[in-house]
Amino acid sequence: MSGDTILEVRDLRVSFSLRGRRLTALRGAGLDLRKGETLAVVGESGSGKSVLAKTFLGMLDRNGRVDSGSILFDGKDLARYNKEREWLGIRGKRIAMIFQDPMTALNPLKTVGEQIREAAALHRGLDRVASRAVVLETLSRVGIPEPELRYRQYPHEFSGGMRQRAVIAAAVACRPEILICDEPTTALDVTVQAQILDLIKSLQRELGMTVLFITHDLGVVASVAQRVAVMYSGQVIEEGSVREVFYDPRAPYTWALLASLPQLGVKGEELYSIKGTPPSLFKEVVGDAFAPRNPRALEVDFKHEPPVFPVSDTHWARTWLLDPRAPRIEAPETVRRLRARLARGGAGAAATGGADTGKGGAE
Amino acid sequence: MGAYVLKRLGQSLITVSIVVLTVFLLLRLMPKNGYFTREDYVNMDRDARTAYLRNLGVLDDPFTQFGRFLSGLARGDLGRSITVYPRSPVLDVIGEKAPYSLWFGLAALALSMALGLGLGILMARFKDRFPDGAGTVYVTIVRAIPSLIWLFFIQQWVTALLGWPMVFYEDRPVSWVLPTISLALSGIAWYAIWLRRFMVDEENKDYVKFAVSKGLPWKRVMRGHVLRNALVPLVQYFPQQILLTIAGSLLIESIYSIPGMGGLLVSAIRQQDNPLVQALVLLYSVLGVVGVFLGDLLMVLVDPRIKLAESSGKGAAA
């Protein structure tokens, strides 16, 4: 599970100006992406998952900017890029992205083939005939039958699942090194979700891509990723292998997140939900951002921001509980129950419950 | 496709018939005195007036008159003007005036499209910056200030400034310029504001984000995706706008003394010139209906999602 780091994010701060006020969306986020792995980034809405991914492509909205920190990719610091010309060598060519809603990600007035071809031709310097051949090959690779016919069709002639396949084809046609998937299955039917996940997994193997998978669905995490990064209020608060984060979570927010998995609930009992709301990012956050919602918060949580504490070589968390001086506080009972279930059934089975059947696609 | 066109043509025919019949019947409710010029009315005695009206055919019952109108129409005869151009064939009157309105209108429309679309692109490209603000000021002035004011301003002051003629002369091309520009000013505003709006709408759509993420340069995304899609809702109006240039502009043609179609319908109605009103209403409604129809056909060409058919079956014509 080791291997070279392909993308290294350190202490990244990103803010947006909104009607004269500054909203800090990333407050020193850090992350390592290793070559060939699938890293899942999880967290609730507003935690900064998508903003983080957009910084890798220089696609922050016009009112946003990177204030400090670094994004090292192939010896270059992407956080310093600010001209379109600089990004054009990266965007779509070496790092590609697929979006949440395949129904709106394609231009309704252009043929699907043309929309894949325009990027392939640009990045690989191919003429019309050669790029068309690449597109046809990619279409069949992503499991779209009758590529010749589909090439000429418009997005409205595609079903939701087929559109997401076309979007994936457009993203992988240039053989990117990193593929960012921003909740690619959220807008799809459950049955189609599994197929798309399988497709992403097999493409990753065939093309040797590194995948960054943004999701809020912990079931999806267990089925696609080797490692997980948990985000809260603009920071990555825990990172480790799927097994480590699910078996042995250390940050109180990770506990709360796992405890609210419906699959872990006991029939008849009320499902756990995290009380309160994340702090306003318009104001400076003091201490641990999760402390106000954490019934087990320590006094220090309200005063000082926790640093990164290593748990093992591959696992770290940002919580004062890992400080040697901290009192021993146990994870809540539901999380321990997960541990027990994992011990019995393995990571995938317990965490995914009925949501994902894993196998059984169109291929 | 063929069946659809036939069906639409049939519907168009019905629409035009209803418009023409309604106007025809309304004209018959007008007082009979209206058919005389002031002089004629004074000079004729009661019998002569009755004879004159009988001769015009307006004493018969309206449906007989309508039948006569239709049979004339079938022969290509729309009758003669009564009061506006006494005794001239209506078609000759229109044939003489229409070219002026048509040429001025087409030139102004071309100018509106070129400048208006250009301005719209600039406004969208530099949204919330200087070009957008300047464009908005222009659009607001043109739309908020009654056109009569700036039209007179142009005629009085701009002509004086440039030393150009204040009215239209057929043989002096320099006198054609200001009427054309005056005619184009509101069209420019119309194209600019709508294109800007549609481009900004498109710019915020997900497919634009995806196109950018594929690594296309922003200029290419703007040209190949945003502009192209933003033009689609405007395309529908092109045919109508082209065809209806023939109707001319009442204001501009009268202040520059252009002998076009502009005031014709108004004077024909005021002077109760039945054949002239009927012919103009027929002409304008045919052009209007045909324009809408062509606009719909054009939409099919530019938007693959639109199909010319009733049901969206598999065999739908495309």
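Naming: A, B, ... by sequence-line order, numbering from 1 per chain. Quick caveat, the model's predicted, so the values are computed rather than measured.
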Residue [X] excluded, over 12 heavy atoms near [atom1] under 6.0 Å:
X: W218(B); atom1: CH2; result: yes
X: W194(B); atom1: CH2; result: no
X: E146(A); atom1: CD; result: no

With chain B, which of [options] has the greatest number of heavy-atom pairs at distances under 4.5 Å?
options: A105(A), G89(A), A119(A); result: A105(A)
options: K93(A), M97(A), K110(A); result: K110(A)
options: I180(A), T111(A), N107(A); result: N107(A)

message: Pair L216(B), E118(A) - check side-chain contact (heavy atoms from CB on, under 4.5 Å), show working.
response: CA-CA 8 Å; L216(B) 299 182; E118(A) 61 183 356; 3.4 Å; yes
For residues [X] and [Y], determine if any side-chain heavy atom of one lies less than 4.5 Å from a side-chain heavy atom of the other.
X: K214(B); Y: R91(A); value: no
X: F99(A); Y: S213(B); value: yes
X: F210(B); Y: V167(A); value: yes

message: With a strict 4.5 Å heavy-atom criterion, list every residue of residues 223-245 of chain B that contacts chain A, or say none.
response: G224(B), H225(B), R228(B), N229(B), V232(B)
query: Of the non-hydrogen atoms in P108(A) and R305(B), which two are nearest, and what is the gap between them?
result: CB-NH1, 3.5 Å
- line: Heavy-atom closest pair (G215(B) atom, L88(A) atom, distance to 0.1 Å) is O-CD2, 3.4 Å
Which atoms of [X] are under 4.5 Å from chain B, going by heavy atoms: the side chain, the backbone, both sets, or neither?
X: Q100(A); value: neither
X: L109(A); value: both
X: R62(A); value: side chain

